[in-house]
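Input: a single structure, listed below in structure tokens.
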Amino acid sequence: MLGLKKFLFKGSSAANLTDELRAALETWRESPAPAMDDVHFHTRYVVLDIACSGVNPATDKLLSIAASTVRQATILPEDAFFLDLAAQGGDIATTLESAAGTTVDQQLMAFLQFTAKAPIITYHVPYVGGFLQRTFKERLGIDFQPQWIDLALLLPALFDEKSDVVKPLDFWIDSFGLYAGNGRRSAMENTLMLARLFQMLLVRATGKEIDTAAQLVDESKASNLLRRNH
Amino acid sequence: MNKPEQASEKENTLPMSELEMSLRQDGRQRVAGNTLAFLKNHAPFNKMKADALQSFAEKAQITFYPAGSLIVGPDSGNVRYFYLIESGKVQARQAGEVTVTEYSILSLGAGECFPIGAVTAGRPSTNTYTAVDDVFCYQLPAEDFMALLVSSPEFNLFCTQYIASLLNQSRQQLQLQFAQRASEQQTLNSPLAGIGSRTPITVSPETTVRAALETMSKAGIGSLVIAGEDRKPVGVFTRSDLLDRVVLADLPLTAPISQAMSTTPLKLEEHATAYDAMLAMASNGIRHVLVTDAEGKLTGVVSERDLFALQRVGLRQVRQTIDSAQNIETLQQANTDIRQLAFNMLAQGVGAEQLTQFISALNDALTRRVLQLNLENHNFDGIEWCWLAFGSEGRDEQTFVTDQDNGIVFACDDTAAVDSLRQRFLTFALDVNKDLDRCGFTLCKGNIMASNPQWCLTLDEWKEQFSTWIRVPQPEALLNATIFFDFRPLFGKVELAESMRRHLLIQTQSSPMFLKAMAHNALDVEPPLGKIRDFLTDLEPGHPGKIDLKKYGSRIFVDVARIYALSTGVHNSNTVQRLRLASQRLSIRTDEINAVLEGLNFIQFLRLRHQCLDVEPGAQGDNLINPDDLNELDRRILKESFRQARKIQTRLKLDYQVN
């Protein structure tokens, strides 16, 4: 156990974590993950999108994380989360008065607590996941590998009458006729758009007897595999 | 901007959970911001204040309904959400066979809300709401919806107006019902099944002429149908046959009626129209048509007179009949016509307020005519006197079921002559009361009639009587006040009644104790709203399951209106007018008082409808309704009307400090 910890924290800022954060991280690590084999209606799905300074997860900066959830097929405003890293020169988050004086590490920890190991929906996992993985590795020294569900892959898999190849998000927004507002969307606006697409997808998935989160994750992986091999 | 030094001081002071909460709060506000962008493009939200909008946006959940799926319906139980369509089309379909509103299917689009009435009332929806295509909705939990109704006047107004428009639709629907029935009754296109005698008197062909004549004489009829045991008519015997076929033909009275009858009676089936019957009569020169069912069995007889009656009833005709009536019998018929006419007017969409006043107006004319006819036998030349109406008649609020409440005021300066003059008025009043009774205004059970010496008083005696009641507000005095203070001059010297009114208003305005006692009395009866059930229906002993709409409905409004009218010096006796005028003087908001009046009018409307539609023709109606017999919408509106009753009671309670 001790050896594992050493291995995990090696070469990261995790060594500098406060005792409190360390304890919180440990608690989170040991907390049970939610069941993946329950029906969609009973599963809490976290939907998220990020804003970055560029498109390269290896070099560009993560600016913000906007997360919402879909539970009982419903988007509940009270179960949402926003983390703003953009305004931070150093380690300090400053956008929220109530969060003033907390470190980025603490805020990232709060994000982990918010997700509570739930399956996470996003659009284009390699991109989003890449940014998050690097950030969590550098900050908290953990390998962030949640149960990803990639809408970029699942939408063409389940709505192949609209498109059977991977398309930009705007294609799906247009083709479902969603109300997209005007101009550039913020991270949260994008997240809510993804959440709506996911609500639609859940109905289609259930129709195809893809009834659980685990099956969705599998479907997401399978379509990824399929695309790589063709 | 916080500086790093400050932060490091505080670094460990904020527990993780609190930080998570604050970041969740940030997330929530951003979700709300997304919702707000939509709300700002749609009424009524674009008119709402920022904080109300914000609370809507922070509570509104987003749901998706695929095409064809049910969103909410009558079987979904009490409605838990207020829905606002973000995108897609929703179809609202009337549940059940009875349509409550003017539409049976309605399509709703982005920015439209449902089911406002149901979520307000906290009951199941009457409509079935289905997604026509893929639909996204914002759904606001019912408790947040209710809170928003309280906190946002704009939102409240929007929902109130929506429900009011439903109320309007319900009224239109009601009028349609009436129109159908009225036209059935009125026009010559109505089937014979509903016209004339439904239980014609028949005798068998073997009956002797004497027995047949005796039957006719006993029943007071001019014609007789002869039918076999299978109820198939074989002939008709009329008075004219008596002359031609019996007397002039020297037929013995012991002969069977079959030898004297006309053997080719004109028969029409039940579904033939009144017009067919009229044509048949005209072309055959006969006065009766037999009505049979499909098997040829006798079900009724239609006479020429029945067909005339179909066309007789019109406002002008009724009024002319009354004004030119030379005897009580004509007036009796006029009273029946008033009912028929009122029924037709209800059908044409005349509201309860106008209708009750209209009934009162014709009843007034009828009463005046009765008085005039009786004055031919009683001479009061040179004496100032006035016939007074009390109670509902005094308020111009008569429904179809009404009894007499009247009195006489007369001027007499010579105290010695008062009693003998009173005696003359009492004799006159007794005749009038009896005649009114014959015309359909039943005698007052409480003997509040001009023929009662208590209510046949000089001007000074009336004033003294009023003063006594006001000075000593005993229970009986208060009860009397509720009847006698709603008075109106009907015939004679109007100035006498005006003098009584001025006296009354001066007295009551200077007697806060009396008004308080009246208020106390008025609050004795509360609207029958249940805490758990919608209505309390066990308040009337002997009538379980029913609500007395007069006692627990309109009377509450009437009582409150009287007190405010007396306290603000309103001369009118009509409840609606009293409330309108008094509310101006008390600076009550117009829309508030209009809502109250809507409530009163709806209850009056239900009473009229009940008395008109729900009772057997000819039977006396009452004010007892079973709320379960109402359709869903009417029930809801009735509940709202009772709430309005409670609202003005609460106001009265506050104003007069009654606990």
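Remember, it's a predicted structure, so these values are computed and weren't measured experimentally. To find a chain, count down the sequence lines: A is the first, B the second, and so on, and within it residues start at 1.
- Residues B/Q61 and A/I75 are not in side-chain contact: their nearest non-hydrogen atoms beyond the backbone lie 4.5 Å or more apart.
- Atoms OH and CE, on B/Y65 and A/M200 in that order, are 14.0 Å from each other to the nearest 0.5 Å.
- Counting non-hydrogen atoms of other residues, nucleotides and ligands closer than 6.0 Å to NZ of A/K208 gives a total above 12.
- When all heavy atoms of B/A60 and A/P77 are compared, the pair lying nearest together is O-CG, 3.2 Å.
- Within the 4.5 Å cutoff, the side chain of B/N34 has no heavy atoms near those of the A/M188 side chain.
- We find the CZ-CG distance between A/F176 and B/D134 to be 7.5 Å, quoted to the nearest 0.5 Å.
- Other residues, nucleotides and ligands place no more than 12 heavy atoms under 6.0 Å from the CD atom of A/E209.
- Nearest heavy-atom pair across A/A80 and B/G27 is CB-C, 3.7 Å.
- Judged by a 6.0 Å distance limit and a 45° cone about the ring axis, B/R24 is not positioned over the six-membered ring of A/F81.
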| task | For the pair A/R196 and B/E86, evaluate salt bridge (charged side-chain N to carboxylate O under 4.0 Å, His left out) and give the outcome as yes or no after the intermediate values. | result | CA-CA 11 Å; A/R196 286 180 178 89; B/E86 185 195 48; 2.7 Å; yes

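- For the side-chain contact (heavy atoms from CB on, under 4.5 Å) with B/F64, the qualifying choice from A/L197, A/V203, A/L202, A/V70 is A/V203, the only one to do so.
- When A/L192, A/I65, A/T191 are compared by the number of non-hydrogen pairs under 4.5 Å with chain B, A/L192 comes out ahead.
- Comparing B/R28, B/E58, B/K59, B/Q29 by how many heavy-atom pairs each has under 4.5 Å with chain A, the most go to B/R28.
- Atom CZ of A/R134 sits in a crowded spot, with more than 12 heavy atoms from other residues, nucleotides or ligands closer than 6.0 Å.
- By the 4.5 Å heavy-atom criterion applied to side chains, A/Q199 and B/I62 are counted as neighbours.
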| message | For a side-chain contact (heavy atoms from CB on, under 4.5 Å) check, start with the C-alpha distance between A/T74 and B/Q139, then their side-chain angles and the critical distance, and finish with the verdict. | response | CA-CA 9 Å; A/T74 303; B/Q139 57 178 38; 4.2 Å; yes

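- When heavy atoms are compared at a cutoff of 4.5 Å, A/A73 approaches chain B solely by way of its backbone atoms N, CA, C and O.
- Only the backbone of B/A57 has a heavy atom closer than 4.5 Å to any heavy atom of chain A.
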